[in-house]
Protein chains: 2
Amino acid sequence: MMKRELNNSQTIQMQGHFLTTQRRLLLELIRDSEGHLDAKELYQRARARDESIGPATVYRSLNLFKELGLVDEMRLGKLRCYYEIKKSSEHQHLVCQGCGKVIEFQNPHFQELIKAVQREQGFKITRAELCLEGYCEHCEQEEKGDD
Amino acid sequence: MMKRELNNSQTIQMQGHFLTTQRRLLLELIRDSEGHLDAKELYQRARARDESIGPATVYRSLNLFKELGLVDEMRLGKLRCYYEIKKSSEHQHLVCQGCGKVIEFQNPHFQELIKAVQREQGFKITRAELCLEGYCEHCEQEEKGDD
DNA sequence: TTAAGTGCAAAGGCTTTGCAGCATA
DNA sequence: TATGCTGCAAAGCCTTTGCACTTAA
């Protein structure tokens, strides 16, 4: 298990806010999770590594990270928000309803779609999020078995 | 202002559950809103027409309607859930961040995209929801003015 | 050093649940 | 009429806020 330290660029990105032990931990956890954690889960993982961290710090940090543009907030599956370190390249998410696995993907049709809607509806689109749910190959097999 | 009554097909769709005064009112409100109400807003509108209705009834009814497949639940904009009477044809939503207007649209690229992802990721997709946010022509103008 | 950040606990929203009375099929 | 539904109130979550203490720059 790699445990890279957050580097100086992270400090710079804090834009004057302190990069505290707690914030560093939270950023590490978000990054290491490959981006599919909700606030509650993040709190639990943080707690496992720092007994004294409180939920308030988690929520405050998430809000700060969002504000600074360090993490993206996504609504996948049910109603929960998931967080991930902001990436330069756009990608969308696919959630397996069987095992909860989250897959990231990119597809040229997506950009096509955005452009088309922008043109046809006369909207300037600022945020586009695609929520796909379904069953991965493995869970699809199991589903069939259960019927 | 048209105020069509819910017809018998609605009764049938209740699948054995009572079509009570409250449920009829809620379904009417959801339908008349053209589908972009969250639970709180629905409660307020219901309250305006029936002083005595409580939030519990609204939430219970929404859960029932979802269960029966009478309404669709969508996550648009912030984190709120919006409800609309289920329609046969698929459509997606576009929210204006300026005025809150919700536009429904369909675009062939969307189906293309779903098919492509299904094929490329080996997923069986069961739910697909596209969340677009931006500024409509009118609000885009105002934005420019404010800068 | 000192302003910003933290933990704790309490408060705030929204949603669900338990229960006695009411209304629909 | 009898079960299911409702309203009320209380409880449950998740998230935010206030305050005194701590800590990073």
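Here is the naming used below: chain letters follow the sequence lines, and residue numbers restart at 1 for every chain.
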Quick one: is [N] close enough that its OP1 or OP2 comes under 4.0 Å of any side-chain N or O from [X]?
X: A:Lys40; N: D:dC14; value: yes
X: A:Thr21; N: D:dA24; value: yes
X: A:Thr20; N: C:dT6; value: yes
X: A:His17; N: C:dG5; value: yes

Rounded to the Å, how far apart are [X] [atom1] and [N] [atom2]?
X: A:Leu62; N: D:dC14; atom1: CG; atom2: C1'; result: 13 Å
X: A:Gln15; N: D:dA24; atom1: CD; atom2: C1'; result: 18 Å
X: B:Lys66; N: C:dT16; atom1: NZ; atom2: C1'; result: 12 Å
X: B:Leu25; N: D:dC5; atom1: CG; atom2: P; result: 17 Å
X: A:Leu27; N: C:dG5; atom1: CG; atom2: P; result: 13 Å
X: A:Tyr43; N: C:dC8; atom1: OH; atom2: C1'; result: 11 Å
X: B:Glu41; N: C:dC14; atom1: CD; atom2: P; result: 12 Å
X: A:Arg23; N: D:dA24; atom1: CZ; atom2: C1'; result: 10 Å

Please pick, from [options], the nucleotide with the shortest atom-to-atom distance to any side-chain atom of [X].
X: B:Ala56; options: D:dA9, C:dC14, C:dG7; answer: D:dA9
X: B:Gln22; options: D:dC5, D:dG7, C:dG7; answer: D:dG7
X: A:Thr57; options: C:dT6, C:dG5, D:dC5; answer: C:dT6
X: A:Leu19; options: D:dA25, D:dG7, D:dC14; answer: D:dA25

Nearest-0.5 Å distance that lies between atom CZ in B:Arg23 and atom CG in B:Leu68: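 B:Arg23 atom CZ to B:Leu68 atom CG measures 8.5 Å (nearest 0.5 Å).
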
Atom pair CD (B:Gln15) and CG (B:Leu70), whose distance is rounded to the nearest 0.5 Å: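 One gets 7.5 Å once the value is rounded to the nearest 0.5 Å.
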
Can a donor-acceptor pair under 3.5 Å be found between the side-chain atoms of A:Arg60 and the base atoms of C:dG7?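 Indeed there is one.
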
Carboxylate-amine/guanidinium contact B:Arg49 B:Glu28, below 4.0 Å: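 Judged by the 4.0 Å cut-off on N to carboxylate O distance, B:Arg49 and B:Glu28 do form a salt bridge.
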
For residues A:Leu132 and B:Ala128, report the shortest heavy-atom separation together with the two atoms involved.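 The pair with the smallest heavy-atom distance is CD2-CB, 3.4 Å.
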
Contact summary for A:Val58 and A:Ala39, nearest pair of heavy atoms: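 Smallest heavy-atom distance, with atoms named: CG1-O, 4.0 Å.
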
Would you mind telling me which residue lines up with the more 5' stretch of DNA chain C, B:Phe18 or B:Asn63, judged by nearest nucleotide?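 Comparing both residues, the 5'-ward one is B:Asn63.
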
